[in-house]
Protein chains: 2
Amino acid sequence: MGYPERKNKILRILDKKESLDVQEIADELGISAVTIRRDLVQLAEEGLLIRTHGGAMKAPARHPFTAFADKETVAASRKKYIGKLAASLVKPGDTIFMDCGSTVFAMCPHLKTISPLRIITNSLPAAAEFMDSPGIQVNLAGGEMDGQRKAIHGDRAIAHIRSYHAAKAFIGTDGLSVKHGLTAFSEKEASISTAMAASADKLFVLCDSSKIGKDSYLKFAPLSALTALITDRELAPSQETQLKGKGVKIIQ
Amino acid sequence: MGYPERKNKILRILDKKESLDVQEIADELGISAVTIRRDLVQLAEEGLLIRTHGGAMKAPARHPFTAFADKETVAASRKKYIGKLAASLVKPGDTIFMDCGSTVFAMCPHLKTISPLRIITNSLPAAAEFMDSPGIQVNLAGGEMDGQRKAIHGDRAIAHIRSYHAAKAFIGTDGLSVKHGLTAFSEKEASISTAMAASADKLFVLCDSSKIGKDSYLKFAPLSALTALITDRELAPSQETQLKGKGVKIIQ
DNA sequence: ATGAAAATGATTATTTTTGATCGAATTCGA
DNA sequence: TCGAATTCGATCAAAAATAATCATTTTCAT
């Protein structure tokens, strides 16, 4: 029984049980507790459940703002690292694009001290973050609000983004692989990302190592479009060599 | 039972009980009081509740955009009254403009149950308010964010508003008098209000009685533009007769 | 087929969690 | 204002869970 099969079984058990512990799953599936723990770590990273000491809990309904607020996961600490790193590429006087993903949002705390700075974004949490930062000018894309993603999406927003130019664009991605380049989970996010990429001189992609080597379903940009990939230090060496082989500059 | 699970249970209890004490929770969950105290400290740090001596209290709801910090002043209760009244003019299927004033914002809680509804606004708190209301489609004006007013202003925003049409516009004003009509304190707000008024079939002005008969410095619309004035019940009779004499319809 | 890479399981050391205890701080009534 | 009762914070020890390490098996691309 491979990981994908166990993953399904674990999630199915969780559907009924609300919370469960490691040993319980191990017994039920006839698999060692060590492996179950490894599975749970991975499932937690994918956001499909919440890891607890001793087991796991159902993931709360994907509420982006709470998703941004979840501090205890491994992915969150990676995001913080990546956010800080990405923010260090921003200089006073810059104009930058920022998309609406949580990884890109992690840049915000580190950008507050940079002044002057102009940020063009479709992310409401990002806009809120700079509400009281006088040195930072925020330009919010207009259009239909997506309450789930806490962002502005749609044709209108894309037209808005297209009408601006910025030196640097910072975008996230749901998947990144040598084979398929950048992939997104949703058409909405992909189109905004594409528009930002097209209107910026440099394109920085923020992506934690858990998503590298994986693909989501919608291809939206080739690796050749990247100025650099910003990721964490846990990137598998094999992935690293593959990406470097393709000429991708990696910042970590 | 680990911390995450207890955390949920504690918050669920708090949802119903408003306030609770340590021993009470400890008994209910069958866990030592020491542990509950530790939990409460952590929950308080996360801002999910307020720690008190001996227990905890509900935390005030916090949204990405902290709405207007109106306390329980007289003006606030008038605004609530006006907001409810104005909301009663909105029907399912409407498309409406809402500006970024606090009086107009007071409509929001009463609009949440109206579905379907399309709202075009430049107010960030209003947008945030409907973030979780699936039946309500929010169209946010794009452009430069004004952190002080928690709204989007500028040419871009005005062009955005102008490109739409709505059946009804709800706007606030800083002053309203028979002599000078509607007056505003700031160019920014006035231009947005004008644009909304121009693109709507009906114009409703929300203005509490304390501002009626007073003028701010920038005239932005004549009384004849109003479909109706929505105000509170404390309007001075003399003002009322004057306004009616000018053909202003008053809803209160 | 074959060797490298990945997945799995067992074992051990480390970390986390929990509850108990005790002195210090806070609340509340007189 | 004072004193008793309660609550709090810090420290400690025990138990549980985890992370790290290593050997073994499986998988996969060549």
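Predicted model only: the values in this text are computed from it and were never measured. Throughout, protein chains are lettered first and strands after them, A, B, ... in sequence-line order, and every chain is numbered starting at 1.
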Worksheet item: How many Å lie between CD on A/Gln242 and C1' on D/dA29, as a whole number?
Response: 12 Å
Worksheet item: Rounding to a whole Å, what distance do you find between A/Leu29:CG and C/dA7:C1'?
Response: 16 Å
Discussion item. Distance check needed: C/dT16 C1' versus A/Asp21 CG, whole Å only.
Written reply: 16 Å
Worksheet item: Is there a donor N/O on one and an acceptor N/O on the other, under 3.5 Å, for the side chain of A/Arg38 and the base of C/dG9?
Response: yes
Worksheet item: Looking only at side-chain N and O atoms, does A/Arg51 come under 4.0 Å of OP1 or OP2 in D/dT18?
Response: yes
Worksheet item: How long is the line joining CG of A/Leu20 and C1' of D/dA17, in whole Å?
Response: 15 Å
Response to the item:
When rounded to whole Å, the NE2 to P distance for the pair A/His53 and C/dT16 reads 7 Å
Practice prompt. Could you tell me whether the side chains of A/Ser191 and A/Thr194 share a donor-acceptor contact shorter than 3.5 Å?
Written response: no
Worksheet item: If only side-chain N and O atoms of A/Arg6 are considered, is one of them under 4.0 Å from the OP1 or OP2 phosphate oxygen of C/dT8?
Response: yes
Discussion item. Within the 3.5 Å criterion, strictly below it, is a donor on A/Asn139 or A/Tyr164 matched to an acceptor on the partner's side chain?
Written reply: yes
Worksheet entry | A/Gln23 CD to C/dG9 C1', straight-line distance once rounded to whole Å | 13 Å
Worksheet item: Whole Å only: how far is the CD1 atom of B/Ile31 from the P atom of C/dT18?
Response: 7 Å
Fill in: Side-chain donor-acceptor contact under 3.5 Å, A/Asn122 with A/His160
no
Discussion item. Less than 3.5 Å apart, any donor N or O on the side chain of A/Ser186 or A/Arg149 sitting next to an acceptor on the other?
Written reply: yes
Discussion item. Using OP1 and OP2 only, check whether a side-chain N or O of A/Thr35 sits under 4.0 Å from C/dG9.
Written reply: yes
Discussion item. Output the rounded distance in Å from CD1 (B/Ile25) to C1' (D/dC8).
Written reply: 15 Å
Discussion item. What I want to check is whether an N or O donor and acceptor connect the side chain of A/Arg37 with the base of C/dG9 at under 3.5 Å.
Written reply: no
